[in-house]
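Remember, it's 1-based here, ligands and their atoms both numbered in the order they're listed. Quick caveat: nothing in here was measured; it's all calculated off a predicted structure.
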Amino acid sequence: MKEKIYITKTYLPPIDEYISYIEGIWERSQLTNNGPLVKELEDRLKNYFKVKHVFFVCNGTMALQIAIKALELKGEILTTPFSHVATTSSIVWEDCHPVFVDIDPQTLNINPNLIEENISENTKAILPTHVYGIPCAVEQIEKIAHDFHLKILYDAAHTFGVTYKGKSLVSFGDVSTISFHATKLFHTVEGGAIITNNDKLAEKIGYMRYFGLKGPSEFWGLGINGNNSEFHAAMGLCVLPKISELIAMRKKISELYNSYLSINEISHPKIPEQTQNNYSYYPILFRSEETMLNVLNHLNENNVYPRRYFFPNLSKLPYVKYEQTPVAQDIASRVLCLPLSSYLKEKTVKFISNRILESITHSS
Ligand SMILES: *Cc1c(COP(=O)(O)O)cnc(C)c1O
C-alpha cells in the first residue's frame with residue numbers, strides 16, 4: 001500500500017452540512033454552556049437510545065468520572081482487566097480501588113462466574129466494559145448486583161447502535177457511559193455521554209457536569225466542568241443521521257474479512273445471541289503472541305497499522321495492585337484489531353487479508 005492504512009479513518013460529513021450548523025452558531029453567538037445544538041443532540045440521542053437521560057460531556061473519560069462521583073462510590077469497584085485504560089484510570093482518579101475480575105475467553109468481557117468470589121465488604125460497584133460492543137452478561141451481572149447491593153456502571157464506549165434483546169445496550173445498568181471520540185463509530189470529534197433512566201441520579205449528574213451550579217449565583221454542590229461545545233454537538237448532529245449507513249458499510253467490510261480470514265489459525269470473539277452488532281471493531285485472535293507479532297510486523301512493513309486493542313491488560317498498570325488475570329493476559333497478548341472504517345475499500349481488505357495469510361503460512 002502506498003497510502004498508510006490505520007486502524008480507523010474518522011467519518012467526516014459533507015462540509016456544507018457542518019457549515020450550515022456553524023452559521024447558526026455565528027448568528028446566535030452562543031458557543032457553549034448547554035446551547036441549542038447541545039440540547040438538540042441530547043434529545044436526538046435520547047430518542048435514538050430510547051432512554052430518559054443523556055448528558056453530552058467533553059469526553060468519555062469525564063463521563064466515567066462523573067458517573068462514579070454521582071453514584072457516590074467509595075471503596076472497591078469490580079472491573080475488567082481487558083479494556084481501554086480510562087476504565088481503570090477513572091476508578092483510581094476517583095479514589096476508588098479497582099479489583100480485576102478475569103474475563104470470559106469467548107466474549108472477552110468480565111466473567112460473571114468470577115464476580116462473586118471477588119466481592120468483599122468494601123465492594124461498592126461493578127464497572128464492566130462491553131468490549132468491542134459485545135454485550136456483557138447483563139442479566140447475571142444484574143442479579144449479582146441486586147443480591148449484594150452493588151451499583152452497576154457500564155463502560156459502554158464501544159456500543160453506539162448496539163442492541164441486546166431489542167434494547168439499546170446503553171440502557172442497562174444504573175448508568176452507562178459512552179465515548180464520542182474521533183476514533184469511535186459515532187463521534188463528535190471529542191465527546192462522550194452519561195446515560196441513565198434514573199431521575200434522581202440524572203438530577204445530580206446535571207449539576208455535577210456544570211460546576212455544581214444551580215442558578216446564576218447558587219450552588220447545588222461540588223461539580224466540575226464536563227460541558228461540551230456547540231461545535232462538537234454540530235458534528236454529532238451531522239454524523240447521527242448517517243449512522244445506520246456507516247454501520248452497514250462496516251458490516252460489509254467485516255463480512256469480507258470473515259470470508260478471507262476463515263482459517264483455523266484465526267478465531268473471533270463470540271457475540272451473544274439476540275445482539276445487533278455495530279461492527280465498530282474487527283478483533284481477531286491468533287494462536288500465539290509470536291504469530292500475532294509476526295503478522296503485525298508484516299502488516300507494518302506494508303504500511304498497514306492495526307492496533308493491539310487492548311494490550312497490556314489493565315492489571316499491569318503501574319498505579320494499581322497487580323492481580324493475576326490469566327485469561328485477560330493471554331487474550332491481550334495475541335489479539336489484534338484490523339483496520340476498519342466506512343472508507344476502507346474492498347481491495348484494501350483483500351490486500352490486508354492476503355498479507356496476514358502469507359505471514360501465517362511463512363511462519364508455520
Ligand atoms: C475510548 C474509550 C474511553 C475513553 O473515551 P474518551 O472519549 O477518549 O475519553 C473509555 N473507555 C473505553 C472502553 C474506550 O474505548
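Polar contact check, Thr129 against ligand 1: no nitrogen or oxygen pair lies under 3.5 Å apart. Where the criterion is an N or O separation shorter than 3.5 Å, residue side chain and backbone included, Ser179 meets it with respect to ligand 1. Where the criterion is an N or O separation shorter than 3.5 Å, residue side chain and backbone included, His158 meets it with respect to ligand 1. Close N/O approach between Thr61 and ligand 1 is found [any backbone or side-chain N/O within under 3.5 Å]. Of the polar atoms of His181, none of the N or O atoms is found under 3.5 Å from an N or O of ligand 1, judged by distance alone.
Between the side chains of Thr196 and Asn198, no donor-acceptor pair is found at a separation under 3.5 Å. Side chains of Asn227 and Thr32: a donor-acceptor N/O pair is absent below 3.5 angstrom, by distance only.
Residue Asn59 has at least one heavy-atom neighbour below 4.0 Å for each of these atoms of ligand 1: 7 (O), 9 (O). For ligand 1, the atoms sitting less than 4.0 Å from at least one non-hydrogen atom of Ala86 are 4 (C), 10 (C), numbered in the order shown with element in parentheses. Against a heavy-atom cut-off of under 4.0 Å, Ser83 is close to the following atoms of ligand 1: 13 (C). When each atom of ligand 1 is checked for a heavy atom of Ala157 under 4.0 Å away, the hits are 2 (C), 11 (N), 12 (C), 13 (C), 14 (C), 15 (O).
Note on ligand 1: Gly191 sits in its first shell, one or more heavy atoms being nearer than 4.0 Å. Residue contacts with ligand 1 do not include Gly192, since none of its heavy atoms lies under 4.0 Å from the ligand.
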Take His84 and Tyr281 through the test ring pair (Phe, Tyr, Trp, His ring centres under 6.0 Å) and record every step on the way to the result. CA-CA 13 Å; His84 185 283; Tyr281 296 89; over 10 Å; no

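If you look at Glu190 next to ligand 1, there are no close heavy atoms at all, none under 4.0 Å. Heavy atoms of Asp155 found under 4.0 angstrom from ligand 1 belong exclusively to the side chain.
For the pair Pro339/Tyr257, a side-chain contact is recorded, criterion being any heavy-atom separation below 4.5 Å from C-beta on.
The nearest protein atom to atom 1 (C) of ligand 1, hydrogens excluded, is given as Lys184 NZ, 1.8 Å; this is a heavy-atom distance.
Ring-plane geometry between Tyr11 and Tyr343 is classed as parallel, the angle between the planes falling under 30 degrees on a 0 to 90 degree scale with a further cut at 60. Ring planes of Phe186 and Phe160: parallel class, angle under 30° (limits at 30 and 60°).
Between Tyr282 and His268, the distance separating the two ring centers is shorter than 6.0 angstrom.
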